[in-house]
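For reference, the structure is listed below as C-alpha cells.
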Amino acid sequence: MTFHKEGYTSMALCILFIFVLNALVHFYFPDMVALKWLVYILSFLLFVIILQFFRSPKFAITKHDSHVICPADGKVVVIEEVEETEFLKDKRIQVSVFMSPVNVHVNRNPIAGVVSYFKYHPGKYLVAWHPKSSTENERTTIAIENKQGVTVLFRQIAGALARRIVWYVKEGQQVDQGEQFGFIKFGSRVDIFLPLGTKINVALGDKVKGGRTVLAELV
C-alpha cells in the first residue's frame with residue numbers, strides 16, 4: 001500500500017492544520033486536559049481519513065485481451081442498454097460503478113489499446129447517482145480501441161463532493177490494461193460503455209475492485 005501522488009497537497013494542508021490547531025489549543029487552553037485530548041483524537045481521525053482516501057494499493061494485474069477489468073473500486077449501480085451519443089453514436093451496454101469516499105479512488109484502464117478519443121467537460125456537481133450526472137456533471141470521456149478493433153468508452157464523473165478530476169491520458173496514446181488513467185477526489189462514479197453482446201460478469205449491487213474484478217468479457 002502506498003500514498004497516491006494526488007494526495008500530497010491535501011496531506012500537507014492537513015498536517016499544517018493539525019499543527020496550528022494543536023498549537024493554538026496548547027497556547028490558549030494549557031490547563032484544559034479534556035480539550036487537548038479531544039483535539040488529539042480529532043487530529044488523528046483527520047489524518048487517517050486523508051491517508052485512507054489517497055491510498056494506492058499495489059497488486060498484480062492479470063491481463064487478458066477479451067477481459068474488461070473494472071476501472072474503479074465501488075458498487076455497481078447501473079447495468080442497462082443505452083444510446084452513446086457523444087463519440088460512438090450507437091447502442092451500448094452501460095455499466096456504472098459508484099465510488100464512495102471510503103473507496104480507493106485510483107482509476108485504471110479497462111482494456112489495453114490506443115486512446116482513440118478524449119474530452120474533458122466542465123459541468124455541474126449533482127450527486128453521482130443522479131440520472132443526469134453522466135451528461136451534466138464535470139466529467140471526462142475516454143475511448144480505447146484494442147488491437148482487435150473493439151472500442152470501449154468510459155467516463156470519470158464528478159459527484160457532489162468531487163470537485164477535481166485528474167487524468168493522465170491523451171488521444172493517440174498507447175495504454176496498458178490496468179494502468180492508471182486518472183483519479184477522482186472525494187467520491188464519484190465511472191461509467192463504462194460496452195459493445196452489445198458483451199458478457200457482463202457482475203450484477204447490480206455487486207462490490208467491485210478496480211484493476212482486479214473482471215467486469216465483462218468481449219465477444
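Because the structure is a prediction, the values reported are computed rather than measured.
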(request) Compare every heavy atom of A72 with every heavy atom of V190, then report the nearest pair and how far apart it is. (result) CG2-CB, 3.9 Å

(request) Look at the rings of H64 and H67 and say which category their plane angle falls in: under 30° parallel, 30 to 60° tilted, over 60° perpendicular. (result) parallel

(message) Among F193, F181, W167, which residue satisfies the ring-ring contact (aromatic ring centres under 6.0 Å, His included) criterion with F154?
(response) F181

(message) For V76 versus A203, what's the shortest heavy-atom pair and its separation?
(response) CB-O, 3.6 Å

(request) Grab the two heavy atoms, one from F53 and one from P101, that are nearest each other, plus how far apart they are. (result) CD1-O, 3.2 Å

(request) Please round to the nearest 0.5 Å and tell me the distance separating atom CG of L153 and atom OH of Y117. (result) 8.0 Å

(message) Can you tell whether the side chains of K119 and E86 come within less than 4.0 Å, N to carboxylate O?
(response) no

(request) Run the numbers on K207 and T213 for side-chain contact (heavy atoms from CB on, under 4.5 Å), then give the verdict. (result) CA-CA 9 Å; K207 299 291 179 65; T213 302; over 6 Å; no

(message) Measuring from atom CG of D90 to atom CG of L196, what distance do you get when rounded to the nearest 0.5 angstrom?
(response) 7.0 Å

(message) Is the shortest side-chain heavy-atom distance between V25 and M32 below 4.5 Å?
(response) no

(message) When you measure from the side chain of K199 to the backbone of V219, do you find a donor-acceptor pair of N or O atoms at a distance under 3.5 Å?
(response) no

(request) Among L45, L46, V39, find the one that has a side-chain contact (heavy atoms from CB on, under 4.5 Å) with S43. (result) V39

(request) Kindly give the heavy-atom pair with the smallest separation between M99 and V104, and that separation in Å. (result) CE-O, 4.0 Å

(message) Is any side-chain heavy atom of L194 closer than 4.5 Å to one of I200?
(response) yes

(request) Please tell me if the side chains of V115 and V175 come closer than 4.5 Å, counting only heavy atoms from C-beta onward. (result) yes

(message) Looking at every heavy atom in both V208 and C70, which two are closest together, and how far apart are they?
(response) CG2-SG, 3.5 Å

(request) Report the distance from atom OH of Y120 to atom CD1 of I142, rounding to the nearest 0.5 Å. (result) 13.0 Å

(message) Taking the side chain as everything from C-beta on, heavy atoms only, tell me whether N103 gets closer than 4.5 Å to F98.
(response) no

(message) Using modelled atom types and a 3.5 Å cut-off, is there a donor and acceptor pairing between side-chain atoms of D191 and backbone atoms of R155?
(response) no

(message) Side-chain heavy atoms nearer than 4.5 Å, only ILVMFWY residues, links allowed to pass through others: does that put V166 and F54 together?
(response) yes

(message) If you define the side chain from C-beta out and look only at heavy atoms, does anything of P57 sit under 4.5 Å from K209?
(response) no

(request) Would you indicate whether the side-chain heavy atoms of F3 and Y8 approach each other to under 4.5 Å? (result) yes

(request) Can you measure from CD1 (I15) to OG (S10) and round to the nearest 0.5 angstrom? (result) 11.0 Å

(request) Decide whether a cation-pi geometry holds between K5 and Y168; the criteria are a distance under 6.0 Å from NZ or CZ to the six-membered ring centre and an angle within 45° of the ring axis. (result) yes

(message) With heavy-atom distances below 4.5 Å as the criterion, would you say the side chains of F118 and E171 are in contact?
(response) yes

(request) Spell out, as yes or no, whether a donor-acceptor pair under 3.5 Å connects the side chain of Q177 to the backbone of P110. (result) yes

(message) To the closest 0.5 Å, what do you measure between CD1 (I144) and CG (N109)?
(response) 4.0 Å

(message) Applying a strict under-4.5 Å side-chain criterion to I, L, V, M, F, W and Y, I'd like to know whether L16 and M11 cluster together.
(response) yes

(message) Keeping Q174 on the side-chain end and G113 on the backbone end, is there a donor-acceptor pair under 3.5 Å?
(response) yes

(message) Treating S66 as the side-chain partner and E217 as the backbone partner, does any N or O pair qualify as donor plus acceptor under 3.5 Å?
(response) no

(request) For the pair R108 (side chain) and G178 (backbone), establish whether a donor and an acceptor sit closer than 3.5 Å, ignoring hydrogens and angles. (result) yes

(message) So, taking the atom named CG in L204 and the one named OG in S96, what distance separates them when rounded to the nearest 0.5 Å?
(response) 9.5 Å

(request) Please check if atom CZ in F59 has more than 12 non-hydrogen atoms from other residues, nucleotides or ligands closer than 6.0 Å. (result) yes

(request) Check whether I79 and L215 end up in the same hydrophobic cluster, where Ile, Leu, Val, Met, Phe, Trp and Tyr are linked by side-chain heavy atoms less than 4.5 Å apart. (result) yes

(request) Taking the side chain as every heavy atom from C-beta outward, state whether P195 and R92 have any atom pair closer than 4.5 Å. (result) yes

(message) Can you confirm whether K75 is buried at NZ, in the sense that more than 12 heavy atoms of other residues, nucleotides or ligands lie under 6.0 Å from that atom?
(response) no

(message) I'd like to know if the side chain of T140 pairs up with that of Q156 as donor and acceptor (distance under 3.5 Å, no hydrogens or angles considered).
(response) yes

(request) Indicate the atoms forming the closest heavy-atom contact of V97 with D73, along with that distance. (result) CG1-O, 3.9 Å

(request) List the steps and the verdict of side-chain contact (heavy atoms from CB on, under 4.5 Å) for V152 and T198. (result) CA-CA 11 Å; V152 171; T198 299; over 6 Å; no

(request) Consider only side-chain N and O atoms of E6 and H105, and report whether a donor and an acceptor are under 3.5 Å apart. (result) no

